Every structure is written in C-alpha cells, then in structure tokens.
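Note that the structure is a prediction, hence the values are computed from the model and not measured. In what follows, chains are A, B, ... by sequence order, proteins preceding strands, each numbered from 1.
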Number of protein chains: 2
Amino acid sequence: MKESKTTGEILREEREKKGLLLRQVAAMLDIDTAILSKIERSERKASKEQIIKLAEILELDEEDLIVQFLSEKILYEIKDEELGSKALKAAEQKMKYNNKNNS
Amino acid sequence: MKESKTTGEILREEREKKGLLLRQVAAMLDIDTAILSKIERSERKASKEQIIKLAEILELDEEDLIVQFLSEKILYEIKDEELGSKALKAAEQKMKYNNKNNS
DNA sequence: TTTATTTTGACAATAAGTGTCAAATATAAT
DNA sequence: ATTATATTTGACACTTATTGTCAAAATAAA
C-alpha cells in the first residue's frame with residue numbers, strides 16, 4: 001500500500017502534468033532552480049508564500065495545498081518523538097478547549 | 001472558564017509548591033536565572049533536555065510534561081494559521097496512515 | 001531601608017533556514 | 001557517440017531564530 005504523498009511529490013507531479021520545467025517554475029517563484037529541485041524532493045521546505053504561488057502556478061486548490069504543507073510541518077516537529085501521537089491529540093484538545101472559551 | 005495551563009505555568013506552580021527559588025532551579029539546569037524566568041512566563045521555550053530535567057527536579061511525570069511541551073510546540077507552529085485545525089486533523093490522519101503501513 | 005528575588009532588555013554566540021553558484025550527473029535529441 | 005538541455009549535488013554566503021550571559025531595574029520580603 002502506498003503512503004500519502006509528500007508536498008514535494010504533489011508539486012512535481014503537477015508541474016510535469018503541465019509540461020513545465022523546473023527552470024520555468026523557479027523563475028516564476030523568483031528562486032534558483034536548485035531550490036525548487038530540493039523542495040520537490042523534500043530536501044528543503046517551501047515557504048508559505050512559495051506554496052501559495054505554487055498553488056496558483058500549478059492550478060492546485062490553495063487551501064488543500066496549505067493544509068498539506070502545514071500538516072507536513074507539524075509532523076516534522078514530532079517526527080523523532082515517541083510521544084508524537086499523544087502530543088498531536090493533546091494539541092487538538094487544547095485547540096478545541098481554547099476555541100470554546102474565546103468565541 | 002479557565003484556559004488550559006501553559007508549560008510555564010505548570011513549572012512555576014510546581015517550583016513554588018516545592019519552595020524552590022528560580023536561582024536554585026536554574027542552577028540545577030545549568031542556565032541563567034533570567035532564562036528560567038522567561039520560560040516560566042512563556043517568553044521563551046524550554047529545550048527538551050530542560051523539560052526532562054525539570055520533570056525530575058519538580059517530580060512531575062516526565063511523559064505528561066513532554067506531551068504538554070510538544071503539544072505547545074505544535075500549536076505554536078499553527079497559531080496564526082486559519083487552517084490550523086484542518087492541518088492538525090490532516091497530520092493525525094497521515095500519522096495513522098503511515099503507522100498502518102510501516103508496522 | 002536593606003536584602004533577596006525576579007524581571008527586563010541589550011548584547012553575544014551559535015544554530016537553522018534560505019538563497020546563489022558552478023560543477024557533476026542524468027536525460028533526450030541528432 | 002556527441003551535443004544540448006534539464007536536473008541534482010554540494011560548497012559557500014547571507015540572514016534570521018534560538019539560546020545564552022550579564023547587569024540594571026523592578027518587586028517582594030525582612
């Protein structure tokens with residue numbers, strides 16, 4: 001069974017579907033080709049601004065791509081943590097709790 | 001209704017319960033008093049190593065304190081994000097999904 | 001008021017993130 | 001096989017965050 005796609009994999013797939021070159025997309029983002037190459041292979045993380053531009057360039061749903069990007073960022077924080085799963089659940093609880101009492 | 005406690009609040013409460021001074025606990029942690037003061041007021045974040053030492057010094061359950069610490073770290077990542085809640089849920093999903101396929 | 005504790009803010013050192021560039025590698029076309 | 005184009009890699013530089021020290025200011029306790 002296949003794992004869920006990384007942001008990089010999504011970006012590469014869509015770029016290739018559109019027949020765009022790294023060079024071309026990198027130019028639109030105003031960064032070096034090397035960085036985009038690294039982003040697509042998950043060697044580096046994109047910034048939020050880059051993600052937004054990429055959604056536009058590749059005609060991906062912006063909200064979906066941001067959620068994808070943020071969730072990856074969250075998982076990165078706890079990737080080596082044994083208690084990561086518990087921490088995630090605790091975070092959700094706190095978020096609920098705090099929302100309830102502010103809104 | 002009171003919000004859930006921050007790590008800093010927990011640490012301060014427990015330190016005061018034990019009648020320990022910032023100076024004393026900071027010395028045990030081998031950091032300056034100023035930093036511990038800032039940690040307790042959530043002006044700075046403790047490192048994981050410091051959290052572990054603090055659990056021991058203050059006789060708090062280590063696992064609980066780490067979960068508290070990590071969940072705060074996660075929430076910090078998404079604190080200004082409109083899509084934070086969706087991202088958290090997505091992260092949980094991915095975590096489940098990946099666990100299922102590796103273990 | 002004196003003494004002890006805590007807080008604040010300026011600063012320094014280090015680590016992490018973000019980018020450029022050029023050379024190496026891989027892919028595609030002649 | 002050669003050439004041309006695209007991608008990857010790694011060394012380096014620049015910038016921003018993080019983590020700490022120190023000393024002075026503020027607060028609290030004797």
Side-chain angles (χ1 to χ4, degrees), chain A residues 5-55 57-58 65-66 68-81 87, chain B residues 5-55 57-58 65-66 68-81 87:
Chain A
K5 279 178 204 160
T6 65
T7 305
E9 285 168 344
I10 293 169
L11 294 174
R12 172 147 297 183
E13 266 181 32
E14 291 304 314
R15 178 177 60 79
E16 289 180 341
K17 267 190 201 163
K18 288 206 143 39
L20 294 166
L21 299 176
L22 275 178
R23 175 166 54 75
Q24 298 174 314
V25 175
M28 296 191 235
L29 290 174
D30 195 34
I31 56 173
D32 196 275
T33 306
I35 294 181
L36 186 53
S37 168
K38 284 169 188 172
I39 289 171
E40 287 188 349
R41 285 171 299 106
S42 305
E43 197 184 306
R44 292 219 184 163
K45 276 177 291 183
S47 70
K48 191 171 172 208
E49 290 63 40
Q50 289 165 344
I51 287 293
I52 290 168
K53 275 196 198 171
L54 283 164
I57 294 167
L58 302 175
L65 196 61
I66 291 175
Q68 162 70 34
F69 161 75
L70 289 176
S71 63
E72 209 164 74
K73 204 160 137 188
I74 290 168
L75 288 174
Y76 179 80
E77 287 294 314
I78 55 177
K79 68 176 178 339
D80 300 321
E81 296 292 343
Chain B
K5 281 180 203 159
T6 65
T7 305
E9 285 166 344
I10 292 168
L11 294 174
R12 172 147 296 184
E13 267 181 32
E14 291 304 314
R15 178 177 61 79
E16 289 179 342
K17 267 191 202 162
K18 287 207 142 41
L20 294 166
L21 300 176
L22 276 179
R23 177 169 52 75
Q24 298 173 314
V25 175
M28 296 191 231
L29 290 175
D30 194 33
I31 56 172
D32 195 275
T33 306
I35 294 183
L36 186 54
S37 167
K38 284 168 189 173
I39 289 171
E40 287 188 349
R41 285 169 302 105
S42 304
E43 198 184 306
R44 291 218 182 163
K45 277 177 291 182
S47 70
K48 193 174 172 205
E49 290 63 42
Q50 289 165 345
I51 286 294
I52 290 168
K53 275 196 198 170
L54 283 164
I57 293 167
L58 302 175
L65 196 61
I66 292 175
Q68 162 70 33
F69 161 75
L70 288 175
S71 63
E72 209 164 73
K73 204 160 138 188
I74 290 168
L75 288 173
Y76 180 79
E77 286 295 312
I78 56 176
K79 69 176 178 337
D80 299 322
E81 296 292 343

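Among the heavy atoms of the strands lying under 4.0 Å from A/R44 is at least one base atom, whether or not backbone atoms are also near. Using a 4.0 Å heavy-atom distance criterion, A/I31 is classed as a sugar-phosphate-only contact. Among the atoms of the strands shown, only primed sugar atoms or phosphate atoms (P, OP1, OP2) are found under 4.0 Å from some heavy atom of B/L22. Using a 4.0 Å heavy-atom distance criterion, A/Q50 is classed as a sugar-phosphate-only contact.
In this entry the distance linking CD of B/E40 with P of C/dT5 reads 15 Å, nearest Å. Atom CD1 in B/I39 sits about 11 Å away from atom P in D/dT21, given to the nearest Å. Rounded to whole Å, the distance from CZ on A/R23 to P on C/dA22 is 17 Å. The separation between B/D32 atom CG and D/dT19 atom C1' is 11 Å, rounded to whole Å. Atoms CG (B/L36) and P (C/dT7) sit 9 Å apart, rounded to a whole Å. When the C1' atom of C/dT18 is taken as reference, atom NZ of A/K73 falls 14 Å away, rounded to whole Å. Between the CD atom of B/E77 and the C1' atom of D/dT18 there is a distance of 14 Å, given to the nearest Å. Across the protein-nucleic acid pair, A/I35 atom CD1 and D/dG10 atom P stand 16 Å apart, rounded to whole Å.
Here the side chain of A/E43 is nearest to one of C/dG17, C/dT6, D/dT9, namely D/dT9.
Ion pairing of A/R12 with A/E9 is absent here, as no side-chain N (NZ or NE/NH1/NH2) approaches a carboxylate O to less than 4.0 Å.
Taking every heavy atom of both residues into account, A/I51 and A/F69 meet most closely at CG1-CD1, 3.6 Å.
In terms of phosphate contacts, A/S37 brings a side-chain nitrogen or oxygen within less than 4.0 Å of OP1 or OP2 of D/dT8. Applying the 4.0 Å criterion to OP1 and OP2 of C/dT7, one finds that B/R12 has a side-chain N or O inside that range.
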**OP:** Would you sort out whether A/E14 and A/L20 count as a side-chain contact (heavy atoms from CB on, under 4.5 Å), showing the intermediate values?
**Re:** CA-CA 9 Å; A/E14 291 304 314; A/L20 294 166; over 6 Å; no
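Counting atom types as modelled, A/K38 pairs no side-chain N or O with a base atom of C/dG19 as donor and acceptor under 3.5 Å.
Side-chain contact between A/L11 and A/L36 is absent, with no heavy atoms from C-beta onward closer than 4.5 Å.
Between B/L21 and B/R41, the residue anchored nearer the 5' end of DNA chain C, judged by the nucleotide with its closest heavy atom, is B/L21. Projected onto DNA chain D by closest heavy-atom contact, B/Y76 and B/A34 fall at different nucleotides, the more 5' of which corresponds to B/Y76.
Residue A/I66 holds its CD1 atom at 5.0 Å from NZ of A/K48, rounded to the nearest 0.5 Å.
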